[in-house]
Amino acid sequence: MSDFPIKKLMDGGALSLEEYESLISGYSDEAAELLAKRALELKKEIYGDAVFVRGLIEISNYCKNDCLYCGIRRSNKNADRYRLSEEQIIECCDEGYKLGFRTFVLQGGEDAYYTDEVLIGIIKTIKGKYPDCAVTLSLGERSYESYKRLFDAGADRYLLRHETADKEHYEKLHPSELSFDNRMRCLKDLRKIGYQVGCGFMVGSPYQTPKTLAKDLKFIEEFKPDMCGIGPFVPHHDTPFAHEKQGSAKLTCYLLSIIRIIYPPVLLPSTTALGTIDPYGREKGILAGANVLMPNLSPVSVRKKYELYDNKICTGEESAQCKNCLEQRMLSIGCKLAVDRGDIKK
Ligand code: SAH
């Protein structure tokens with residue numbers, strides 16, 4: 001094991017895989033505090049006290065995939081399936097625009113209903129009505145041609161968590177028809193086409209180790225994603241991982257600080273999953289170096305159905321209530337929600 005490399009990281013040096021590993025296995029509250037302080041300095045230099053918000057619209061919980069951790073996997077016969085029409089999606093954007101959102105994130109399972117044609121229609125309608133807004137897609141793996149057509153229709157960003165940068169670990173989280181290589185191919189295609197690209201992973205997913213996390217950090221250091229979504233793994237009762245342990249809020253915050261330091265301009269959400277396992281999780285994430293929140297803009301009638309994990313928060317409130325609640329929470333820690341597209345500043 002190499003020396004605890006906290007100083008090297010804070011001074012801006014790239015760490016070796018072994019050093020990242022010892023940074024993770026050597027976690028302590030004191031180290032977390034030091035790194036959070038450095039992460040906040042770096043965030044402030046680039047973004048000030050602004051926290052960017054993205055309106056998350058969960059367009060469908062139909063999914064052809066069977067990821068072992070996910071509550072909307074196709075084998076979950078208890079999931080109550082729904083999909084939103086173009087009209088419903090636009091209504092969510094109308095509501096969101098009035099509330100000050102300037103980015104809309106369309107997220108969903110891999111649902112064949114949303115062909116390129118259907119999505120192109122939706123993207124063009126949103127961009128036509130709200131040209132000052134960014135459209136982010138989070139709809140899983142598609143072909144190069146499909147990503148290109150959606151980009152040409154006006155989509156600005158794409159979120160596709162890599163889930164883990166360790167191929168063997170990837171294979172333990174996914175059925176054999178899904179491959180690590182294709183996931184990476186998608187991320188590279190998205191970048192090549194010109195999207196702002198987001199990757200990310202769950203903290204504390206089954207079979208994760210300091211070694212696999214070190215690979216995630218190395219991947220982030222090299223890929224330099226525009227966005228990086230990390231949140232704790234939270235078990236879902238109708239999946240094969242129902243009885244696995246949930247991830248830790250402390251380790252999630254530690255990793256948020258490390259990622260901010262590795263790549264200071266990255267847009268880093270403090271996730272709903274973090275808010276689910278800790279009542280002040282989202283505040284803690286922001287104080288560790290995150291600078292994005294993604295409140296739910298989905299119609300209240302479907303929110304409980306987009307259940308990736310158990311006990312998800314904010315499934316009962318109207319969008320306006322969610323936004324007010326977050327606004328108060330951010331004020332309590334000295335931050336302000338920005339009415340802004342919130343593009344990366346690099
Ligand atoms: N189908 C899209 C969107 C997936 S949902 C795609 O493939 O990208 C967004 C993210 O939720 C996933 O990438 C995964 O990292 C996370 N997620 C899924 N199940 C989860 C669970 N049980 N606990 C925490 N996060 C989970």
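FYI, the numbering just counts along the sequence from 1. We count ligands from 1, going down the list as the structure has it; atoms in each ligand are counted the same way.
- Side-chain contact annotation: Q246 with Y309, donor-acceptor N/O pair under 3.5 Å absent.
- Counting heavy atoms only, M202 comes closest to atom 26 (C) of ligand 1 of the residues H162, M202, E244, K312.
- Here Y158 and Y147 bring their ring centres to under 6.0 angstrom of each other.
- Ligand 1 has R183 within reach: a non-hydrogen atom of the residue lies less than 4.0 Å from it.
- Taking any N or O of G108, backbone or side chain, at least one lies under 3.5 Å from an N or O belonging to ligand 1.
- I24 and I259 fall within a single hydrophobic cluster, where Ile, Leu, Val, Met, Phe, Trp and Tyr are joined by side-chain heavy atoms under 4.5 Å apart, directly or via other members.
- What sits closest to atom 24 (C) of ligand 1 on the protein, heavy atoms only, is P232 O, 3.3 Å.
- Here F151 and Y195 bring their ring centres to under 6.0 angstrom of each other.
- Below 3.5 Å of separation, one finds an N or O of V234 facing an N or O of ligand 1.
- Polar contact check, E110 against ligand 1: no nitrogen or oxygen pair lies under 3.5 Å apart.
- Below 4.0 Å from some heavy atom of C70 lie the following atoms of ligand 1, by number and element: 19 (N).
- Both tests pass for R191 against the ring of F223: distance under 6.0 Å to the centre and angle within 45° of the axis.
- Proximity of atom 2 (C) of ligand 1 to the protein is indicated by at least one non-hydrogen atom lying closer than 4.0 angstrom.
- At under 3.5 Å, a nitrogen or oxygen of E163, whether backbone or side chain, sits near a nitrogen or oxygen of ligand 1.
- Residues in residues 192-217 take part in these salt bridge (charged side-chain N to carboxylate O under 4.0 Å, His left out) pairs, two or more places apart or across chains: D166-K215.
- The nearest protein atom to atom 9 (C) of ligand 1, hydrogens excluded, is given as Q107 NE2, 3.7 Å; this is a heavy-atom distance.
- Relative to the six-membered ring of Y97, R102 meets both conditions, a distance below 6.0 Å and an angle of at most 45° to the axis.
- Defined by atom type and a distance below 3.5 Å, a donor-acceptor pair is missing between the side-chain atoms of Y114 and D116.
- I286 and F101 fall within the same hydrophobic cluster, where Ile, Leu, Val, Met, Phe, Trp and Tyr residues are linked whenever their side-chain heavy atoms come under 4.5 Å apart, directly or through other members.
- Backbone and side-chain nitrogen or oxygen atoms of H236 are examined, and none is located within less than 3.5 angstrom of a nitrogen or oxygen of ligand 1.
- Nearest non-hydrogen protein atom to atom 19 (N) of ligand 1 is Y69 CD1, 3.4 Å.
- Between E86 and T125, the side chains place a donor N or O and an acceptor N or O closer than 3.5 Å (distance only, hydrogens not considered).
- Under 4.0 angstrom from ligand 1, there are no non-hydrogen atoms of E141.
- Shortest contact from atom 16 (C) of ligand 1 to any protein heavy atom: R161 NH1, 3.6 Å.
- Heavy atoms of S205 come nearer than 4.0 angstrom to ligand 1 in no pair at all.
- Using a 4.0 Å cut-off to heavy atoms of F233, the atoms of ligand 1 that qualify are 22 (N), 23 (N), 24 (C).
- Checked by atom type and distance alone, the side chain of N65 never pairs as donor or acceptor with a backbone atom of C67 at under 3.5 Å.
- Taking every non-hydrogen atom of L160 and a distance limit under 4.0 Å, the qualifying atoms of ligand 1 come out as 8 (O).
- Proximity of C67 to ligand 1, defined as any heavy-atom pair under 4.0 Å, is not found for any part of the residue.
- Shortest contact from atom 5 (S) of ligand 1 to any protein heavy atom: L308 CD1, 3.7 Å.
- Partners of K7 by side chain to side chain donor-acceptor pair (under 3.5 Å), not counting sequence neighbours, listed by chain and number: D11.
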